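The structure appears right after this line, and notes come after that.
All figures in this text were calculated on a predicted structure; none of them were measured in a lab. All heavy atoms count here, side chains included; hydrogens, waters and symmetry mates do not.
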Amino acid sequence: MATTGAELVQAEAELWCHNFGYLKSMALRCAIKLGIPNAIHRCGGAASLPELHAAIPVAASKRPCLSRIMTFLATSGIFREQIPEDGAAEPCYHLTTASRLLVDDETRGGRTCVSQLLTLCSSPFYFTASQNLAEWLQKEDGDAAAARTPFTMAHGAGFYDVVCRDAAFGVCFDDAMGSDSCFVSEIVIREYGEVFAGVTSLVDVGGHNGTTARAIAKAFPHMRCSVLDLPRVVDAMPTDGTDEVKGRGKGNEKNRRGRQQDSRRSKALQ
């Protein structure tokens, strides 16, 4: 059966959607870096374009482009666009359940923000690695160390090696892990707290700065929590007077994060 012209046009449209799908994550990254979710939150949960122009650092000549980005993100479900019926006023953009998770503001009442995690996931390090996927699939594992992962092929080092050698990316990674831990621990404690019934001790392996362990210790004071991670991570753990949480590690900094568990040493929170 012959394919109709309409079917061919629809097929090409689907290919275009796949090909330009990365623009969704780039537009979201742009909104986070400009602070758009925070700006809308500070306007009471809804803001017009003039209010956004006044609140975020966008050049006057680029303001028409901002309206296109907002419309694009509203179509994607990140914001909700409200267009006045008379058409006389500017459209208004509201926060949705998704974009409320991007608000990083003290007036939000301490609720979790996952902007840091999304910023990490849309990092150029990841996108550059993904562009090497085809070449990586063509190499046998024994060809070279670079063939182990697309990330290693793109950057000449493994993920955790790059985290350690690139200070900015390391901070981005640490912030992302902390924000994700806050988000997950809040839900686990609130919705599934019964799994901790009868548990008196817990070790969070690779627990970073103790965010999850600290949240669990606060919710369940009877439980003694420990964090196992690399020396530089343990050394940077905050000392906030939480006796229930201790940091542990062994070894030296040559053993990178996520490799051998025997490369760790210990430090207790005071």
Side-chain angles (χ1 to χ4, degrees), residues 5-109 111-133 154 166 168-169 171-173 175-176 179-180 183:
E7 289 173 334
L8 290 173
V9 170
Q10 179 60 35
E12 186 190 39
E14 291 177 5
L15 293 175
W16 276 62
C17 286
H18 279 281
N19 194 51
F20 291 106
Y22 70 95
L23 290 176
K24 288 186 177 181
S25 57
M26 291 299 98
L28 181 58
R29 180 182 176 88
C30 172
I32 292 172
K33 295 188 73 172
L34 290 176
I36 292 176
N38 287 346
I40 296 177
H41 170 71
R42 291 167 186 165
C43 288
S48 64
L49 281 173
E51 289 174 321
L52 289 177
H53 294 159
I56 62 176
V58 174
S61 61
K62 304 294 177 56
R63 288 177 179 176
C65 299
L66 178 63
S67 68
R68 300 185 192 113
I69 291 175
M70 293 303 296
T71 298
F72 181 52
L73 290 172
T75 303
S76 302
I78 303 300
F79 301 113
R80 179 171 63 85
E81 185 180 45
Q82 181 182 9
I83 301 177
E85 294 182 1
D86 57 10
E90 294 277 358
C92 193
Y93 296 94
H94 298 253
L95 293 175
T96 62
T97 301
S99 51
R100 286 190 187 95
L101 291 175
L102 306 176
V103 174
D104 184 13
D105 194 294
E106 293 180 356
T107 64
R108 194 170 178 257
R111 294 182 180 178
T112 301
C113 170
V114 298
S115 290
Q116 297 94 329
L117 178 64
L118 299 182
T119 299
L120 172 70
C121 293
S122 59
S123 163
F125 280 97
Y126 282 102
F127 275 80
T128 302
S130 68
Q131 291 174 345
N132 284 267
L133 186 57
D166 188 294
F169 187 59
V171 170
C172 182
F173 175 79
D175 290 344
S179 70
D180 187 53
F183 176 71

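Annotation for Ile78 and Ser99: closest pair O-OG, 2.8 Å, computed over non-hydrogen atoms. The two residues Thr112 and Ser179 make their nearest non-hydrogen contact at CG2-O, 3.7 Å. Minimum heavy-atom separation, Cys172 to Leu120: SG-CA, 3.7 Å. Across all non-hydrogen atoms, the minimal contact from Phe127 to Ser25 is CZ-OG, 3.5 Å. Across Ala74 and Glu81, no two heavy atoms sit closer than the pair CB-CB, 3.8 Å.
Under the side-chain hydrogen bond (donor to acceptor under 3.5 Å, both in side chains) criterion, Gln131 pairs with no residue, sequence neighbours left out. Residues that satisfy the side-chain hydrogen bond (donor to acceptor under 3.5 Å, both in side chains) test with Ser76, not counting sequence neighbours, are absent from this structure. With sequence neighbours left out, Ser130 forms a side-chain hydrogen bond (donor to acceptor under 3.5 Å, both in side chains) with no residue at all. Partners of Thr75 according to the side chain to side chain contact (heavy atoms under 4.5 Å, CB included) rule, which considers only residues two or more places apart in sequence or in another chain, are Thr71. Residues passing the ring pair (Phe, Tyr, Trp, His ring centres under 6.0 Å) test with Phe72, sequence neighbours excluded: none. In terms of the side chain to side chain contact (heavy atoms under 4.5 Å, CB included) criterion, residue partners of Asp166 (sequence neighbours excluded) are, by chain and number, Phe125, Val162, Ala168, Phe169. Annotation: side-chain hydrogen bond (donor to acceptor under 3.5 Å, both in side chains) contacts of Arg63 (sequence neighbours excluded): none.
Side-chain contact check for Tyr93 versus Leu73: every heavy-atom pair is 4.5 Å or farther apart. The closest side-chain heavy-atom distance from His94 to Gln82 is below 4.5 Å.
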Taking only distance into account, with no hydrogens and no angle test, what donor-acceptor pairs under 3.5 Å do side-chain atoms of residues 5-14 form with protein atoms, sequence neighbours excluded?
{"residue": "Glu7", "atom": "OE1", "partner": "Thr4", "partner atom": "N", "Å": "3.0"}
{"residue": "Glu7", "atom": "OE1", "partner": "Thr4", "partner atom": "OG1", "Å": "3.4"}

In a table with atom names and distances, give each donor-acceptor pair under 3.5 Å that connects a side chain of residues 29-38 to protein atoms at least two apart or in another chain.
{"residue": "Arg29", "atom": "NH1", "partner": "Thr119", "partner atom": "O", "Å": "2.8"}
{"residue": "Arg29", "atom": "NH1", "partner": "Ser122", "partner atom": "O", "Å": "3.4"}
{"residue": "Arg29", "atom": "NH1", "partner": "Ser122", "partner atom": "OG", "Å": "3.0"}
{"residue": "Asn38", "atom": "OD1", "partner": "Asp104", "partner atom": "N", "Å": "2.7"}
{"residue": "Asn38", "atom": "ND2", "partner": "Asp104", "partner atom": "O", "Å": "3.3"}

Please tabulate, for side-chain N and O atoms in residues 52-59, each donor-acceptor pair with protein atoms closer than 3.5 Å (sequence neighbours left out).
{"residue": "His53", "atom": "ND1", "partner": "Leu49", "partner atom": "O", "Å": "3.4"}

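Rounded to the nearest 0.5 angstrom, Met70 CE and Ser48 OG are separated by 10.5 Å. Rounded to the nearest 0.5 angstrom, Ile83 CD1 and Cys92 SG are separated by 11.0 Å. Remark: Thr96 OG1 to Leu102 CG distance equals 8.0 Å, nearest 0.5 Å.
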